[in-house]
Amino acid sequence: MENYPFKDYEICVFPDALDEGANIEIGYMPGKLQWLLAEKLIQLGVKVMNEGIGGQVHQDRKLLTGDSPLASNALGILAANELLKVAE
C-alpha cells in the first residue's frame, strides 16, 4: 500500500514473537493469528524499533508509540510533555 499514512515512520509495537508462541501457549489467545502486527506494518513500510517488551516508547513526528502495557507510564509522560509544548 503506497499511500499508507505511516509509511517511513519508526514505531514501537507489541512484538510478534509473543503472539506466535507464548501468548498461545499460556492460553491468552485461542489460536494462531491470521496476520502479525509488526510483520504487517513492516510490509506497509513502517520501521519497527523494538523486538521485545520492556516499556520502550518512541516518537516519530507527532506519532507516539509504546511496545506494551509496560510502556504506559513512559508513554503518558511523553504525551504530557508533547501537549505542554503545544500549549506554550
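Just so it is clear, the structure is predicted and the values come from calculations on it, not from any experiment.
Rounding to the nearest 0.5 Å gives a distance of 9.5 Å between CD1 of Ile42 and CG of Leu37. Here the straight-line distance linking atom NZ of Lys40 with atom CG of Asp16 works out to 12.0 Å at 0.5 Å rounding. Note: Leu41 CG to Thr65 OG1 = 10.0 Å, rounded to the nearest 0.5 Å. Here the straight-line distance linking atom CG of Leu44 with atom CG of Asp8 works out to 11.5 Å at 0.5 Å rounding.
Between Gly55 and Ser68, the shortest heavy-atom distance links the atoms N-OG, 4.3 Å. For Asp60 against Tyr9, the heavy-atom pair with the smallest separation is OD2-CA, 3.2 Å. The two residues Met49 and Gln56 come nearest to each other via the heavy atoms O-NE2, 3.7 Å. Asn50 approaches Ile11 most closely through the heavy-atom pair OD1-O, 4.1 Å.
The closest side-chain heavy-atom distance from Val57 to Cys12 is not below 4.5 Å. Taking the side chain as every heavy atom from C-beta outward, Val46 and Tyr4 approach each other to under 4.5 Å.
Lys85 pairs by the side-chain hydrogen bond (donor to acceptor under 3.5 Å, both in side chains) definition with Glu82, not counting sequence neighbours.
Put simply, the side chain of Asp67 never gets that close to the backbone of Val13: no donor and acceptor are under 3.5 Å apart.
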